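Residue numbers run from 1 in the order of the sequence given. The model shown is predicted, which means the values in this text are computed figures rather than measured ones.
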Amino acid sequence: MQAIASRFRLQGTVVSIEPYGSGHINLTYLVCTDAPHRYILQRVNRHIFRNVPALMENIFAVTTHLARKDPDPRHVLTLVLTAEGAPYVMDAEGEYWRVYEFINGGICLNRAETADEFYQSAVAFGHFQTQLADFPAHTLHETIARFHDTPARFTALHAAVDADAAGRRGDVAAELAFALAREAEAGALMALLRAGELPLRVTHNDTKLNNVILDENDRTPLCVIDLDTVMPGLVAHDFGDSIRFGATTAAEDEADLSKVHFSLPLYQTYVRGFLGACGERLTPKERETLPLGAKLITLENGVRFLTDYLDGDHYYPVHRPEHNLHRCRTQFKLVSDMEASWAAMNAAIPR
Ligand code: ADP
Ligand code: GN1
Ligand code: MG
């Protein structure tokens, strides 16, 4: 790994490379040099992102655009180039590596400790949406096809049930029944998109709380990170993914469902922060469908975790045999809580 790191234009000599962060997809390392200077080194998951050069082109273009809007180096990811001027290297095994400047004085949270932290993450993602409003969307590559096409995620679930590759179908009758009872409504946002009632915008598509860096002192937003899935998409999905991960009383993989509750106050807090930062750009239909985005993206994530459980845990890393099933259950619990809070979720969106 030292050899990989040294192919990038780093300040100083590498003194340590340690695993870092808690993302599910890429392998992330913190690199320290004697300059002293810190970097993030990542091996991009090429099994999930099938065209890494195209993905890196997206990130290069998006970060360049963002840096033009706000040149503060702590407010945008900065790619470090190789000696030859490339934004990534490919190693002998065909793995792709990239390096970012480390954002100093920041913190990435897996859970908001205070409502204000969640509010600040909403401001960050809303502001991100605004900053990319004039980015030429047609120049972006689709890094994962049909990423938030919820009906397509159900199709994959059906295939996983039929194949039953890990012999786990018998364990998931209740979860499967829960998902299938909602399959008919799962396509509602995609139908509005097809009908021209919702616009495609440049969206982040993975707006978890731990994909934003807050200032470690005052917890104001520094930088939106994890740009691998920046693609044309629906604002409702960006809003919704933040809600499913953050407007809850428990972690995504909490095994004890009695601890998992949708938090209406945190939802209302996020609405304020997000709409305050990008609300005036949204169409009435976009605003109206934000609650649906929250419910459907939560359902979609539950379906994805269930599919991976049935497949034998090939997509998400697991630390226990039922890890993906536990994740699926938290998502479905949140979906039922949202259904119970449906009127209040809608009432919280200003018209
Ligand atoms: P994944 O796709 O696996 O989630 P991320 O790009 O989100 O990968 O990175 C994983 C973690 O690494 C983040 O949650 C964050 O803690 C940390 N991280 C990533 N980039 C930076 C950066 N430029 N500066 C500081 N920390 C970073
Ligand atoms: C993955 O990369 P990370 O950990 O931020 C996944 C998201 C899921 C999320 C669930 C490319 O996000 O779609 O919602 O896990 N990213 C990809 O925690 O599949
Ligand atoms: Mg991440």
Side-chain angles (χ1 to χ4, degrees), residues 20-24 28 30 40 70 72 74-77 102-131 204-227 235-279 287 290-291 293-295 297-298 301 326-327 330-331 333-335 337-338 340-341 344-350:
Y20 193 78
S22 53
H24 288 330
T28 302
L30 173 66
I40 288 287
D70 180 352
D72 184 327
R74 291 169 80 212
H75 291 174
V76 62
L77 284 175
F102 185 85
I103 303 214
N104 286 307
I107 181 165
C108 272
L109 301 168
N110 283 314
R111 290 274 302 283
E113 285 147 25
T114 66
D116 185 60
E117 290 167 351
F118 196 47
Y119 175 84
Q120 297 297 345
S121 75
V123 172
F125 283 121
H127 186 57
F128 183 83
Q129 174 60 234
T130 298
Q131 282 182 313
H204 182 282
N205 295 304
D206 191 4
T207 52
K208 298 200 292 195
L209 181 65
N210 64 17
N211 284 332
V212 57
I213 299 183
L214 300 179
D215 187 301
E216 67 185 1
N217 296 317
D218 62 11
R219 305 288 157 111
T220 53
L222 284 181
C223 184
V224 169
I225 62 168
D226 203 345
L227 306 178
V235 168
H237 286 147
D238 268 10
F239 171 84
D241 201 38
S242 294
I243 296 302
R244 72 149 197 100
F245 193 82
T248 159
T249 54
E252 184 184 68
D253 62 353
E254 173 59 58
D256 178 356
L257 276 193
S258 72
K259 295 185 179 154
V260 184
H261 305 282
F262 170 64
S263 164
L264 187 62
L266 283 174
Y267 168 87
Q268 289 161 333
T269 297
Y270 196 92
V271 168
R272 272 194 302 114
F274 190 73
L275 289 184
C278 72
R287 281 198 293 276
L290 294 178
K295 179 176 162 185
I297 206 84
T298 311
N301 272 272
H326 292 155
R327 291 175 178 138
T330 64
Q331 303 305 291
K333 171 64 167 58
L334 293 174
V335 170
D337 285 0
M338 288 180 198
S341 302
M345 284 176 73
N346 283 286
I349 307 292

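The two residues His261 and Thr249 make their nearest non-hydrogen contact at N-OG1, 2.8 Å. Between Glu254 and Thr330, the shortest heavy-atom contact is O-CG2, 3.3 Å. In terms of heavy-atom proximity, Ile297 sits nearest to Arg244 at O-CD, 4.0 Å. In plain terms, the two heavy atoms of Leu214 and Pro221 that are nearest each other are CD2-CA, 3.8 Å. Counting all heavy atoms, side chain and backbone alike, Ala348 lies closest to Val271 at O-CG1, 3.6 Å. Heavy-atom minimum distance, Ala344 versus Leu264: CB-CD2, 3.5 Å.
Between Leu290 and Tyr270, every side-chain heavy-atom pair lies at or beyond the 4.5 Å cut-off. By the 4.5 Å heavy-atom criterion applied to side chains, Glu113 and Arg219 are counted as neighbours. Inter-residue side-chain proximity for Asn210 and Phe245 is flagged as met; some heavy-atom pair is nearer than 4.5 Å. Within the 4.5 Å cutoff, side-chain heavy atoms of Asp241 are placed close to those of Asn301. At least one side-chain heavy atom of Val123 sits under 4.5 Å from a side-chain heavy atom of Tyr119.
Formation of a donor-acceptor pair under 3.5 Å by the Lys333 side chain with backbone atoms of Leu257 is not found in this model. In this structure, Asp226 contributes its side chain and Asp206 its backbone to no donor-acceptor pair below 3.5 Å. Panel note: side chain Thr207, backbone Ser242; a donor-acceptor pair is recorded below 3.5 Å. Under the 3.5 Å distance criterion, the side-chain polar atoms of Ser121 are left unmatched by any main-chain donor or acceptor of Val212.
Atom CZ of Phe128 is separated from atom CG of Asp238 by 8.0 Å, given to the nearest 0.5 angstrom. Here the straight-line distance linking atom CD of Glu216 with atom CG of Leu222 works out to 9.0 Å at 0.5 Å rounding. Between Thr28 atom OG1 and Ile40 atom CD1 the span is 6.5 Å, to the nearest 0.5 Å. Rounding to the nearest 0.5 Å gives a distance of 10.0 Å between CD of Glu252 and CG of Leu334. With rounding to the nearest 0.5 Å, the separation of CZ in Arg74 from CD1 in Ile213 is 9.5 Å. A distance of 11.0 Å separates CZ of Phe118 from OH of Tyr267, quoted to the nearest 0.5 Å.
The aromatic ring centres of Phe239 and Phe125 sit 6.0 Å or more apart.
Heavy atoms of other residues, nucleotides or ligands lying less than 6.0 angstrom from NE2 of His127 number 12 at most.
Checked by atom type, the side-chain pair Thr114/Asp116 shows no donor-acceptor distance below 3.5 Å.
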### Message
Please evaluate residues His75 and Gln131 with respect to the criterion side chain to side chain donor-acceptor pair (under 3.5 Å), reporting the C-alpha separation (whole Å), side-chain torsions for both, the decisive distance (0.1 Å), and the verdict.
### Response
CA-CA 12 Å; His75 291 174; Gln131 282 182 313; over 6 Å; no

